[in-house]
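This one's a predicted model, so the numbers in the text were calculated from it and none came from an experiment.
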Amino acid sequence: MTQLSERSNSDLFRSASTLLAILAAFVTNIIANIFPINDITIGEISNEIFRNVLIIPANYAFSIWGLIYVALISFGIYQFLPAQRPHPRLRRMSYLLVLASLAQIAWVFLFENLQFGWSVLAMLIILGSLILTYLRLQIGMERVPPREKWFINIPISIYLAWISVATVVNIASTLYDWGLNDPNILVFWTVIMLGVSAAIAAVATIQRGDTAFNLVFVWAYIAIAVRQSEYVVIVSTALGLAIGLIILLMVPWWKKRRKT
């Protein structure tokens, strides 16, 4: 009986910590935009200091954070429900999402304080935590009920996908700040980074059938093409990869339709 009680308390603490960490990260992002450190927001830093970084997407792309936090808060509430606290999948997740949220808070303060090198470290902690969460939850590898797909799988998928994009952008911006700003080199490395990130999205699509993960990358590539419209190589690469990822999504549907 004591052991069951301890396990129940552990589940309660884990789920409560996860929800509170998500809410704390959400509130921190809001405050950072309303009362920015040094009177400059994250968006203004991106548009002013890093306006020549060629892998940064158009401003509208960052509106996806609204969707991400709606999904994450929904996830936080869902996993906090008494019936979900002892869920085996959620237990496997442990406190990884708490770590990701705390690192997200740290990233906001570091980036707004122009500590770009340290912000990359915080971003890598977010990315690593989410990769482990994604793998432990076996997203796309286990058949789950629709409610778990919507309240667990999709929130983690879109968060991980966007953080994957954000990590590439963060590293590129930091390298630019450190002096890697030759236009020819920037174009070359932008194309390479687009290709590498597309390969990651393709693997998630092929191996796990993760539509949400795929579509976040499509969203990012289109936004990159919009912002970097004067660079034909980047536009053609970004749009070509976006079309390729959409085709990957359609292949299973086409095969199923053909068999039918």
Side-chain angles (χ1 to χ4, degrees), residues 17-18 21-22 24-26 28-29 32 42 45-46 50 53 55-57 61-62 64-69 71-73 75-76 92-113 115-141 152-178 189-190 192-205 207-208 210 212-221 223-224 241 245:
S17 298
T18 299
I22 291 170
F26 174 61
T28 299
N29 275 276
I42 293 170
I45 293 172
S46 177
F50 298 125
V53 176
I55 203 168
I56 293 179
F62 297 96
I64 196 174
W65 276 112
L67 174 63
I68 290 171
Y69 273 113
L72 284 177
I73 292 170
F75 167 85
R92 293 203 302 262
M93 188 183 70
S94 189
Y95 291 90
L96 287 169
L97 203 57
V98 174
L99 177 59
S101 297
L102 293 177
Q104 182 82 48
I105 293 170
W107 183 89
V108 169
F109 286 104
L110 290 167
F111 197 81
E112 285 202 340
N113 274 299
Q115 299 296 317
F116 303 122
W118 289 109
S119 76
V120 170
L121 177 60
M123 186 67 77
L124 291 174
I125 292 173
I126 303 170
L127 180 65
S129 301
L130 292 178
I131 289 173
L132 288 175
T133 300
Y134 189 84
L135 295 175
R136 288 189 181 185
L137 292 175
Q138 289 288 293
I139 293 176
M141 304 298 284
I152 297 178
N153 290 14
I154 290 178
I156 299 301
S157 288
I158 61 175
Y159 189 20
L160 172 59
W162 188 251
I163 287 298
S164 299
V165 173
T167 300
V168 173
V169 172
N170 199 174
I171 291 172
S173 300
T174 301
L175 291 175
Y176 180 88
D177 183 62
W178 289 351
W189 280 111
T190 298
I192 294 297
M193 287 186 286
L194 285 172
V196 171
S197 58
I200 295 170
V203 169
T205 304
Q207 291 188 349
R208 296 173 180 263
D210 197 336
F213 191 93
N214 180 304
L215 290 177
V216 170
F217 278 83
V218 171
W219 169 267
Y221 292 152
I224 290 170
L241 292 172
L245 289 175

Just how far is it from atom [atom1] of [X] to atom [atom2] of [Y], taken to the nearest 0.5 Å?
{"X": "I126", "Y": "L102", "atom1": "CD1", "atom2": "CG", "answer": "10.0 Å"}
{"X": "L72", "Y": "L67", "atom1": "CG", "atom2": "CG", "answer": "9.0 Å"}
{"X": "I125", "Y": "I163", "atom1": "CD1", "atom2": "CD1", "answer": "12.5 Å"}
{"X": "L124", "Y": "I131", "atom1": "CG", "atom2": "CD1", "answer": "9.5 Å"}
{"X": "R92", "Y": "L132", "atom1": "CZ", "atom2": "CG", "answer": "13.0 Å"}
{"X": "L135", "Y": "M141", "atom1": "CG", "atom2": "CE", "answer": "9.5 Å"}

Using every non-hydrogen atom in the two residues, find where [X] and [Y] come nearest and quote the distance to one decimal.
{"X": "A61", "Y": "A223", "value": "CB-CB, 3.4 Å"}
{"X": "S129", "Y": "L96", "value": "CB-O, 3.6 Å"}
{"X": "A212", "Y": "S157", "value": "CB-CB, 4.1 Å"}
{"X": "P57", "Y": "V169", "value": "CD-CG2, 4.3 Å"}
{"X": "A25", "Y": "I105", "value": "CA-CG1, 3.7 Å"}
{"X": "A172", "Y": "M193", "value": "CB-CE, 3.9 Å"}

Could you give me the CA-CA distance, side-chain angles and deciding distance for I45 and F116, then say whether side chain to side chain contact (heavy atoms under 4.5 Å, CB included) is met? CA-CA 11 Å; I45 293 172; F116 303 122; 4.1 Å; yes
Tell me which pairs pass salt bridge (Lys or Arg N to Asp or Glu O under 4.0 Å) where either residue lies in residues 116-139, with sequence neighbours left out.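 Qualifying pairs, neighbours excluded: none.
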Could you go through Y134 and D210, starting from their C-alpha distance and side-chain angles, then the distance that decides it, and tell me whether this counts as side chain to side chain contact (heavy atoms under 4.5 Å, CB included)? CA-CA 11 Å; Y134 189 84; D210 197 336; 2.6 Å; yes
Would you say [X] and [Y] make side-chain contact, with heavy atoms under 4.5 Å?
{"X": "Q104", "Y": "T28", "answer": "no"}
{"X": "V218", "Y": "L241", "answer": "no"}
{"X": "F213", "Y": "T205", "answer": "no"}
{"X": "I42", "Y": "W107", "answer": "yes"}

Name the orientation class of the two ring planes belonging to F111 and F50 (parallel below 30°, tilted from 30 to 60°, perpendicular beyond 60°).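 Ring orientation, 0 to 90° scale: tilted.
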Parallel, tilted or perpendicular for F62 and W162, by the 30°/60° rule?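 Ring orientation of F62 relative to W162: perpendicular.
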Hey, is CZ on F109 packed in by over 12 heavy atoms from elsewhere, all under 6.0 Å?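 Counting other residues, nucleotides and ligands, CZ of F109 stays at 12 neighbours or fewer.
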For atom CH2 of W65, is the number of surrounding heavy atoms from other residues, nucleotides or ligands below 6.0 Å larger than 12?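 Counting neighbours around CH2 of W65, more than 12 heavy atoms of other residues, nucleotides or ligands fall under 6.0 Å, so yes.
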Please enumerate all residues that pass side-chain hydrogen bond (donor to acceptor under 3.5 Å, both in side chains) together with [X], with sequence neighbours excluded.
{"X": "S173", "result": "none"}
{"X": "T18", "result": "none"}
{"X": "T190", "result": "none"}
{"X": "S197", "result": "Y221"}

Decide yes or no on side chain to side chain contact (heavy atoms under 4.5 Å, CB included) for T133 and Y159, but give the supporting numbers first. CA-CA 11 Å; T133 300; Y159 189 20; over 6 Å; no
Going through the checks in order, is the side chain to side chain contact (heavy atoms under 4.5 Å, CB included) test met by I156 and L97? CA-CA 9 Å; I156 299 301; L97 203 57; 4.2 Å; yes
For I171, what residues pass the side chain to side chain contact (heavy atoms under 4.5 Å, CB included) criterion, not counting sequence neighbours?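 For I171 the side chain to side chain contact (heavy atoms under 4.5 Å, CB included) partners, ignoring immediate neighbours, are V120, T167, L175.
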